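Quick caveat: nothing in here was measured; it's all calculated off a predicted structure. We name chains A, B, ... by the order of the sequence lines, and we start the count at 1 in each one.
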There are 2 protein chains.
Amino acid sequence: MAVTLRDIARKAGISTSTASRVLNGKTEKYRISQKTQILVQKAAQQLAYRPNQLARGLRLKKTHTIGLVLPDISNPFFAYVARIIQIHAFQAGYSLFVCNTDENQVTEIKQIELLLSYKLDGLIIMPVGVKYEHILRLVQEHLPFVLIDRSFDEIDANSVVVDNYSGAYKAVEHLIENGHHRIAIIQGLPDTYTNTARVKGYRDALSHYHIPVDPDLIVGNDFRQENGYIETKLLLKLETPPTALFTTSDLITLGALQAIYEEHINVPKDISLVAFDDVDFAPYLLAPLSAVQQPKELMGEIAVKLLINDMRSKGKFDKKRIVLEPKLMIRKSVLRVQASQPVAALSD
Amino acid sequence: MAVTLRDIARKAGISTSTASRVLNGKTEKYRISQKTQILVQKAAQQLAYRPNQLARGLRLKKTHTIGLVLPDISNPFFAYVARIIQIHAFQAGYSLFVCNTDENQVTEIKQIELLLSYKLDGLIIMPVGVKYEHILRLVQEHLPFVLIDRSFDEIDANSVVVDNYSGAYKAVEHLIENGHHRIAIIQGLPDTYTNTARVKGYRDALSHYHIPVDPDLIVGNDFRQENGYIETKLLLKLETPPTALFTTSDLITLGALQAIYEEHINVPKDISLVAFDDVDFAPYLLAPLSAVQQPKELMGEIAVKLLINDMRSKGKFDKKRIVLEPKLMIRKSVLRVQASQPVAALSD
DNA sequence: GCCAAAAGAACAAACGTTTGTTCAAATTAT
DNA sequence: ATAATTTGAACAAACGTTTGTTCTTTTGGC
């Protein structure tokens, strides 16, 4: 059915090897005559030849394809990064295989397994959890890969992440500086790289300003919208509800907004809000949202660069761990509390 | 380097063919003894054997992989549909190859070409434009595919789309019923399936209520945020600006919001707004946004079902064209105009 | 104890490429 | 005119599977 090199060879009256060499620009090395060259080119064009990448990959052990493993493509943050990665990969001559893990460790392992069996040249991974045996396997197999958004301090791998600790710290500090003491955090999936650092940033900011950490105000268990919704509902029902809320992902923020909206609560009058992940629509919300902005473009671009370096150098380069600084965008979702003078930080 | 069937065969002391048959559950047909079976299984396990899908695909002419071609993965609408498709494809045992076309006809052709050379089993496509020769080629090559979100009336193919005409009509009618006459539309990429129908819905709604169509109020040229931003800026600068705005994509809406926000214009007091594509955050905007909601889950699910049917039946099934009805979500972004009684529709 | 039949596993070809090597023809040198 | 050299293209093997066919061994019947 499909047109093969054989068909071209037959049509041009030459052998498949010659056809292959012409089509791959190996004409000088193998001294192919002008005449044969145009003969082959014509035949290929007329038959609309399209090389079979399976056969090619099998023979060459190179597929010019990289895989992207991410937790949730419908999450705007991941989707955006995915697009950046796709663009840069494409520019570099690689196509991209995108896989969703649904924030599920088991699915992640399955998906990586799958990608491996397609013999991709490299992988960009946003790993789900706290386990990394399957990632270690990649190291053993010398498969180039880079971790993005989330990493593991324990393993020596290319990675590009944001300083989640610092971002969270800044966000909470901003709330404190505006006079807030009862600050709740809705965390994402516990034991993920990003979540751990964000929660730690939250705790440390409080501690630094000598505000006791109230365990009732640390809630939530995944990065999804439902989590934001439910936990906000519950927080608002507390006997003394928090005066400020720190949400740790864009979807959590969306869920929180939904709950706040339903309860007819006003931001920032009734509750102040700062989010991790600056979403496109943040400025246009009922209360334009103050948020920690991650350098998404940079992350994607660097990830591709690191991966390509790794693939080209066959692992000879040292692994690099890139940490990018997030930026707090201050808008109008934080109220300066009346008895305001900010709690002074004792000593430094 | 990688473990192959050969390695297993050697380790188990049998031939590769036998190993293959055991691993593929062909034991009864080829009468493999229990003893050999467990021998092979053990060897496979110990060596962490992972079949090479390239070789497999080459031999079997089946890759159990489908491709998704979409205009812009960072567009929330497409990203969401992509996720639904991924989930359903995965459930059905297919992995997914996602490609971005950047709303560019040439890139689209390239990407499809690429996917074809990887010998995928089927394709789900959101085509960019008005040309469809490259799609026709798929028909000729008997490659199962389904068009989603956008289709071509001229070709007989599986497709699942939304009734864009009706959605746009409803949206504009809603504005008219609230007393608006000067209604602007920011269109997407001209000559795309979706855009054409949406603009027609707009025009027909106006005509039906005997409101003249003002060409100055039909603006825009692609589905991106910048387009929404620029055109809104310009519309607001008109000597008599429109009292209402109909945006035809989620990103256009975002751009429009950005412009409106910058100009310190109030929605709906100064301008009413209705959008095509109901975004997650619509309810929580400064003015909770009235929007045309598309059944994204259904679209994705149906697309996968159609594709799987097509792949299973090898094109014996008739092609189906599924049209889904969108729903107008009415929130608070439309002002009832003071001298209000709605313009009556003459006759029916 | 011999032959036929059944059981179990190996052989070999094929999928579509690429590429080192060999082979034949044309060209040049002697 | 013959040998040496260059030019141009074909041959064949390999990548890792799957599968129809063949081959060997075991079993059972008489």
side-chain contact (heavy atoms from CB on, under 4.5 Å) between I85(A) and I148(A), worked out: CA-CA 11 Å; I85(A) 290 176; I148(A) 175 169; 4.2 Å; yes
Any N/O pairs under 3.5 Å between the protein and nucleotides 26-28 of chain C? List them or say none.
none

Nearest heavy-atom neighbours spanning K319(B) and A157(B):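 The pair with the smallest heavy-atom distance is CB-C, 3.7 Å.
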Interatomic distance, K119(B) NZ vs dT17(C) C1' [rounded to whole Å]: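 Between C1' of dT17(C) and NZ of K119(B): 12 Å.
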Protein-nucleotide distance (E28(B), atom CD; dA9(C), atom P), rounded to Å: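 The distance from CD of E28(B) to P of dA9(C) comes to 15 Å, rounded to the nearest Å.
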Check: S17(A)/Y30(A) side-chain N/O donor and acceptor closer than 3.5 Å: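 No donor-acceptor contact under 3.5 Å links the two side chains.
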Polar contact flag, side-chain donor to acceptor under 3.5 angstrom, R321(A)-S151(A):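 Judged by distance alone, the side chains do pair up.
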For nucleotides 5-7 of chain D, list the nitrogen or oxygen atoms of the protein found under 3.5 Å from its nitrogen or oxygen atoms, one pair per line.
none

Whether R83(B) side chain and I73(A) backbone form a donor-acceptor pair below 3.5 Å: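 Looks like no, no N/O pair under 3.5 Å.
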Atom CD of Q91(B) with >12 non-hydrogen neighbours under 6.0 angstrom: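 Yes, because the 6.0 Å sphere around CD of Q91(B) holds more than 12 heavy atoms from other groups.
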Within 6.0 Å of CD in E154(B), more than 12 heavy atoms from elsewhere: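 It does: E154(B) CD has more than 12 such atoms within range.
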Set of side-chain hydrogen bond (donor to acceptor under 3.5 Å, both in side chains) partners for [X], sequence neighbours left out:
X      : value
N24(B) : S20(B), R56(B)
S33(B) : T36(B)
R10(B) : D7(B)

Of residues 34-48 of chain B, the positions that come close to DNA chain C - non-hydrogen atoms, cut-off under 4.0 Å: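 Contacting residues: T36(B).
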Residues touching DNA chain D, which here means a heavy atom under 4.0 Å, drawn from residues 9-27 of chain A: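 Result for residues 9-27 of chain A: G13(A), I14(A), S15(A), S17(A), T18(A), R21(A), sorted by number.
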Could you run down the sub-3.5 Å N/O contacts of the protein with nucleotides 13-16 of chain D?
| residue | atom | partner | partner atom | Å |
| --- | --- | --- | --- | --- |
| dC15(D) | O3' | K61(A) | NZ | 3.4 |
| dC15(D) | O2 | R59(A) | N | 3.4 |
| dG16(D) | OP1 | K61(A) | NZ | 3.1 |
| dG16(D) | N2 | A55(B) | O | 3.4 |

Salt-bridge contact E108(B)-K131(B) (side-chain N to carboxylate O under 4.0 Å):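 K131(B) and E108(B): not salt-bridged.
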Salt bridge (charged side-chain N to carboxylate O under 4.0 Å, His left out) against R224(A), all qualifying residues, sequence neighbours excluded: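 So R224(A) forms a salt bridge (charged side-chain N to carboxylate O under 4.0 Å, His left out) with D102(A).
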With sequence neighbours excluded, residues passing salt bridge (charged side-chain N to carboxylate O under 4.0 Å, His left out) with K305(B):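 Partners of K305(B) by the salt bridge (charged side-chain N to carboxylate O under 4.0 Å, His left out) criterion, ordered by chain and then number, come out as E301(B).
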Side chain to side chain contact (heavy atoms under 4.5 Å, CB included) partners of K62(B), counting only residues at least two apart: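 With sequence neighbours excluded, K62(B) shows a side chain to side chain contact (heavy atoms under 4.5 Å, CB included) to L60(B), D121(B), given in chain and number order.
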Under 4.0 angstrom between Y30(B) side-chain N/O and dG20(D) OP1 or OP2: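 The answer is yes; a side-chain N or O of Y30(B) sits under 4.0 Å from OP1 or OP2.
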Any residue meeting ring pair (Phe, Tyr, Trp, His ring centres under 6.0 Å) with Y132(A), in chain and number order, not counting sequence neighbours: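 For Y132(A) the ring pair (Phe, Tyr, Trp, His ring centres under 6.0 Å) partners, ignoring immediate neighbours, are F152(A).
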